[in-house]
J.: 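Below is one structure. I have some questions about it.
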Amino acid sequence: MATEYERVTLVDHPMVQHKLSILRDRDTSSKKFRELVKELALFEGYEATRNLPLADVEVETPLCKTTCKKVSGKKLAIVPILRAGLGMVEGVQELMPAARVGHLGMYRNEETHEPVEYYAKLPEDIADREVIVVDPMLATGGSATAAIGYLRKRGVSGTIKLMVIVAAPVGIETVLAADDDVQIFTCAIDECLNDAAYIVPGLGDAGDRIFGTK
């Protein structure tokens with residue numbers, strides 16, 4: 001679904017909305033939370049890959065030969081922003097099992113709310129791949145902007161797709177303003193951030209809820 005923001009897709013399928021309501025519930029267990037994050041990532045992955053180029057391929061069925069379609073163009077890479085982004089990787093991999101996975105480690109300074117990079121490991125040919133960055137929460141936009149900027153420095157050109165589950169308006173605006181060739185996919189655009197820079201109503205700290213930590 002289109003939104004008031006250019007380059008932002010709201011994935012609002014009824015089952016996405018249903019699963020998101022359970023995800024938001026404070027009483028949802030870590031096990032169930034992880035399952036839902038994986039499932040929502042799969043739903044979003046369908047939308048994020050909707051415009052992948054296709055090429056004709058001849059296939060022989062049990063009855064005859066026919067022309068079918070296969071994905072062509074650049075190979076794909078999934079890059080989770082650690083640690084919460086790890087929860088989305090398996091869902092996207094179910095859709096694209098051949099995609100390579102890189103990792104970018106960033107944590108939020110609780111005083112400044114700014115991202116601090118602490119780890120990076122990417123496929124050697126990352127510059128030749130189409131990249132999908134995954135992170136459940138898009139709050140201030142600092143971590144996503146830093147991750148996208150790092151990928152640009154590593155030679156990634158063209159459109160970078162950012163898949164999140166819940167986004168705040170300020171985070172969306174920050175990411176879009178920082179890079180003219182980013183597309184955002186989200187299951188919800190929430191109201192605002194609170195004084196601690198958490199999304200409201202949000203779903204809490206996604207990393208803590210995925211991994212059962214406090």
Side-chain angles (χ1 to χ4, degrees), residues 1-54 69-71 73-103 129-139 141 143-144 147-148 159-169 171-172 175-176 182-191 199 201-207 209-211:
M1 176 183 175
T3 71
E4 62 179 293
Y5 302 100
E6 293 185 6
R7 295 183 282 135
V8 176
T9 299
L10 180 62
V11 183
D12 62 348
H13 188 283
M15 289 309 302
V16 168
Q17 296 183 60
H18 172 78
K19 292 175 185 295
L20 184 58
S21 70
I22 304 171
L23 196 73
R24 291 188 190 274
D25 192 329
R26 65 184 297 175
D27 294 325
T28 296
S29 68
S30 289
K31 177 179 182 296
K32 185 63 176 178
F33 194 93
R34 287 193 298 272
E35 292 171 352
L36 289 165
V37 168
K38 172 186 171 182
E39 291 167 5
L40 289 169
L42 179 59
F43 273 100
E44 280 195 298
Y46 280 113
E47 294 302 321
T49 57
R50 178 178 291 278
N51 296 320
L52 289 179
L54 296 171
K69 302 288 185 181
K70 69 174 182 179
V71 173
K74 288 185 176 182
K75 295 179 180 179
L76 297 167
I78 308 162
V79 179
I81 299 177
L82 304 181
R83 62 182 169 141
L86 289 173
M88 298 178 69
V89 171
E90 188 175 354
V92 185
Q93 278 187 307
E94 284 197 5
L95 185 64
M96 302 176 290
R100 296 288 178 88
V101 179
H103 297 84
R129 292 179 176 268
E130 183 167 341
V131 178
I132 300 176
V133 177
V134 296
D135 192 7
M137 312 297 287
L138 178 57
S143 293
I148 292 165
T159 302
I160 291 176
K161 296 176 180 178
L162 172 64
M163 282 176 40
V164 304
I165 293 176
V166 177
I172 291 173
V175 171
L176 295 180
V182 171
Q183 293 180 354
I184 300 173
F185 297 82
T186 183
C187 297
I189 299 175
D190 279 10
E191 297 171 12
I199 300 173
L203 44 82
D205 187 305
R209 296 193 68 186
I210 288 169
F211 296 108

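Below, all heavy atoms of this structure are taken into account, side chains as well, without hydrogens, waters or symmetry copies. This chain uses plain numbering: 1 for the first residue, then up along the sequence. Everything quoted here is computed from the prediction, not taken from an experiment.
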J.: Please report the shortest heavy-atom distance between Ile148 and Val175, naming the atom on each side.
T.: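 Closest approach of Ile148 to Val175, heavy atoms only: CD1-CG1, 4.0 Å.
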J.: For Arg50, which residues count as a salt bridge (charged side-chain N to carboxylate O under 4.0 Å, His left out) partner, sequence neighbours excluded?
T.: Glu47
J.: What distance do Leu203 atom CG and Thr28 atom OG1 have between them, rounded to the nearest 0.5 Å?
T.: 10.0 Å
J.: Could you state the interatomic distance from CG (Leu176) to CZ (Arg7), rounded to the nearest 0.5 Å?
T.: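 Result: 4.5 Å between the selected atoms.
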J.: Holding to salt bridge (charged side-chain N to carboxylate O under 4.0 Å, His left out), I want the full list of residues that pass it with Arg129, two or more places apart in sequence or in another chain.
T.: Asp125
J.: For Ser30, check side-chain contact (heavy atoms from CB on, under 4.5 Å) against everything at least two apart and list the hits.
T.: Arg34
J.: Calculate, to the nearest 0.5 Å, the distance between atoms CG and OG1 belonging to Asp12 and Thr186 respectively.
T.: 10.5 Å
J.: Does Lys70 have any side-chain contact (heavy atoms from CB on, under 4.5 Å) partners at least two apart in sequence or in another chain, and if so, which?
T.: Val57
J.: For the atom pair SG (Cys187) and CG (Leu40), what is the distance rounded to the nearest 0.5 Å?
T.: 5.0 Å
J.: Using every non-hydrogen atom in the two residues, find where Pro80 and Val101 come nearest and quote the distance to one decimal.
T.: CD-CG1, 3.9 Å
J.: Would Val182 and Val133 satisfy side-chain contact (heavy atoms from CB on, under 4.5 Å), going step by step from the backbone distance to the final call?
T.: CA-CA 10 Å; Val182 171; Val133 177; over 6 Å; no
J.: Does Gln183 form a side-chain contact (heavy atoms from CB on, under 4.5 Å) with Thr9? I'd like the steps, not just the answer.
T.: CA-CA 8 Å; Gln183 293 180 354; Thr9 299; over 6 Å; no
J.: List for me each residue that meets side-chain hydrogen bond (donor to acceptor under 3.5 Å, both in side chains) alongside Glu35, sequence neighbours excluded, and say none if there are none.
T.: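 Once residues adjacent in sequence are excluded, the partners of Glu35 under the side-chain hydrogen bond (donor to acceptor under 3.5 Å, both in side chains) criterion are Lys31.
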J.: Got a sec, which pairs hit ring-ring contact (aromatic ring centres under 6.0 Å, His included) with one end in residues 7-26, sequence neighbours left out?
T.: His13-Phe43
J.: Using residues 160-168 as the side-chain source, report each donor-acceptor pair under 3.5 Å to any protein atom, sequence neighbours left out, with the distance given to one decimal.
T.:
from	atom 1	to	atom 2	distance (Å)
Lys161	NZ	Ala48	O	2.5
Lys161	NZ	Glu130	OE2	3.3

J.: Got a sec, which residues hit side-chain hydrogen bond (donor to acceptor under 3.5 Å, both in side chains) with Lys74, two or more places apart in sequence or on another chain?
T.: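 Partners of Lys74 by the side-chain hydrogen bond (donor to acceptor under 3.5 Å, both in side chains) criterion come out as none, since no residue qualifies.
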J.: Is there a salt bridge (Lys or Arg N to Asp or Glu O under 4.0 Å) between Arg24 and Asp190 once you walk through the steps?
T.: CA-CA 12 Å; Arg24 291 188 190 274; Asp190 279 10; 2.8 Å; yes
J.: Below 3.5 Å, can you tabulate the donor-acceptor pairs from side chains in residues 86-99 to any protein atom, sequence neighbours excluded?
T.:
from	atom 1	to	atom 2	distance (Å)
Glu90	OE2	Lys38	NZ	3.3
Glu94	OE2	Lys38	NZ	2.9

J.: State which residues pass side-chain hydrogen bond (donor to acceptor under 3.5 Å, both in side chains) with Thr159; sequence neighbours excluded, sorted by chain then number.
T.: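 Thr159 satisfies side-chain hydrogen bond (donor to acceptor under 3.5 Å, both in side chains) with Asp181 only.
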J.: Could you give the distance from CD1 (Ile22) to CG (Asp25), rounded to the nearest 0.5 Å?
T.: 8.5 Å
J.: Could you measure the distance from the CD1 atom of Ile184 to the OH atom of Tyr5? Nearest 0.5 Å is fine.
T.: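 Rounded to the nearest 0.5 Å, the CD1-OH separation comes out at 9.5 Å.
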J.: Looking at Leu52, is its backbone amide N or carbonyl O close enough to the side chain of Thr49 to form a donor-acceptor pair, meaning the two atoms are under 3.5 Å apart?
T.: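 No, because the side chain of Thr49 does not come within donor-acceptor range (under 3.5 Å) of the backbone of Leu52.
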